[in-house]
Amino acid sequence: MNSIRALIIDDSSVMRKIVERSLRQAGIELSQVIEAGNGAEALEVLKESQVDLILCDINMPVMDGLEFVKQLPGVANGKDVPVVMITTEGSESHVVQALSCGARGYIRKPFTPEQVREQVTPVLKGKS
Amino acid sequence: MKSVNQLRSTHIDYKEWIPLMELATREVFETMLGCELTRAEIAAGESLDITAMVGLAGKMCGVLTVRCNAKSATIMVSKMLGLESAKGSPDVLDAIGEICNMVAGNFKNKIPGMGDGCMLSVPTVITGGDYRLHYLADSADLEIRLLLENMTIEVSLQLHS
């Protein structure tokens, strides 16, 4: 797998670092990591930057992850970028809601690097 | 699915949720910090001067609280981020808030019907021990104490009907 550019969206800076670390531990080579603290900030980032993968929390202030995923296709550099949700909201209906909004994968917190690999690898293969 | 009020009327003993709280806490520490917690049978009497809180609303209303001391908080963040030492790190409070958030989420997802029916607030963290929290809880007050490297981690849940 080629090295990828990832956008990590979470209101916790610690969680953003953990997600980046887990991606690396999962064997995913990262050429660039961009961070955003909420969905609105991420949409702004995407106006200027291209990424290959987005990992996104759901519960965030300003704009939550589901709203972000809904708005993503309408933003420059947002179309066709796969999104994997990473969240404490682990119920079946949250998963269905996230996937119907356009997310391609779903990881429940707490998570292991193996779980990250299981969700992210097929999404990246599907993209290439 | 039953709300807390309905559960109350069917005489469900909230103490049955204590093992779920403990399991949820242990899983968060094992998965995200790579460490096992041991059970603290008796309150150690340490000053737990960092308090993280997450509100629950919906079918279960209340507050889940994680309390620890500054030293154990530093150990937690260093384990979470894979650092040798996180002393003085600005991430300590954020990390404790996230741990509380994950414990609350993992706990409610273990109670049938609560995963969908209960929302979590963003975490709040209080530092310092000289305060008194006045919960509006009137249903139950559950508490567990676990040890991280011999330092107490206290997890409690105050429920409002």
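Hydrogens, waters and symmetry mates play no part in the numbers below; they use all other heavy atoms, side chains included.
Per-residue heavy-atom pair counts under 4.5 Å with chain A were compared for B:Gly82, B:Cys118, B:Gly34, and the maximum is reached by B:Gly82. Comparing A:Lys109, A:Lys17, A:Arg21, A:Met15 by heavy-atom pairs within less than 4.5 Å of chain B, the highest count is held by A:Arg21. Of all the listed residues (B:Glu27, B:Met102, B:Glu30), the one sharing the greatest number of non-hydrogen pairs under 4.5 Å with chain A is B:Met102.
Atom CD1 of A:Ile18 and atom CG of B:Leu81 lie 5.5 Å apart (nearest 0.5 Å). With rounding to the nearest 0.5 Å, the separation of CG in A:Asp57 from CG in B:Asn101 is 7.5 Å.
Neither B:Leu23 nor B:Leu142 shares a network with the other; the hydrophobic side chains, linked directly or stepwise wherever heavy atoms of I, L, V, M, F, W or Y lie under 4.5 Å apart, form separate groups for each. The hydrophobic clustering, which links ILVMFWY residues whose side-chain heavy atoms are closer than 4.5 Å, places B:Met119 and B:Phe107 apart. No single ILVMFWY cluster, assembled from side-chain heavy atoms under 4.5 Å apart, contains both B:Val103 and B:Leu48. A continuous path of ILVMFWY side-chain contacts below 4.5 Å connects B:Leu37 to B:Met21, so both sit in one hydrophobic cluster. In terms of hydrophobic clustering, with Ile, Leu, Val, Met, Phe, Trp and Tyr side chains grouped at heavy-atom distances under 4.5 Å, B:Leu56 and B:Leu20 are assigned to a common cluster.
For B:Asp116, the parts sitting under 4.5 Å from any heavy atom of chain A are the backbone and the side chain alike. Of the atoms belonging to B:Val28, heavy atoms from both backbone and side chain fall under 4.5 Å from chain A.
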Residue pair A:Glu89, B:Lys108: steps toward the side-chain contact (heavy atoms from CB on, under 4.5 Å) verdict: CA-CA 9 Å; A:Glu89 296 294 355; B:Lys108 68 142 180 154; 2.5 Å; yes

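Taking all atoms of both residues into account, the shortest heavy-atom contact from A:Pro110 to B:Met32 is CB-CG, 3.5 Å. Contact detail for B:Val122 and A:Asp11: the closest heavy-atom pair is CG1-OD2, 4.0 Å.
Annotation: residues 89-99 of chain B contacts chain A through B:Asp91, B:Asp94, B:Ala95, B:Glu98 [non-hydrogen atoms, separation under 4.5 Å].
Within a 6.0 Å sphere centred on CD of B:Glu143, other residues, nucleotides and ligands contribute more than 12 heavy atoms.
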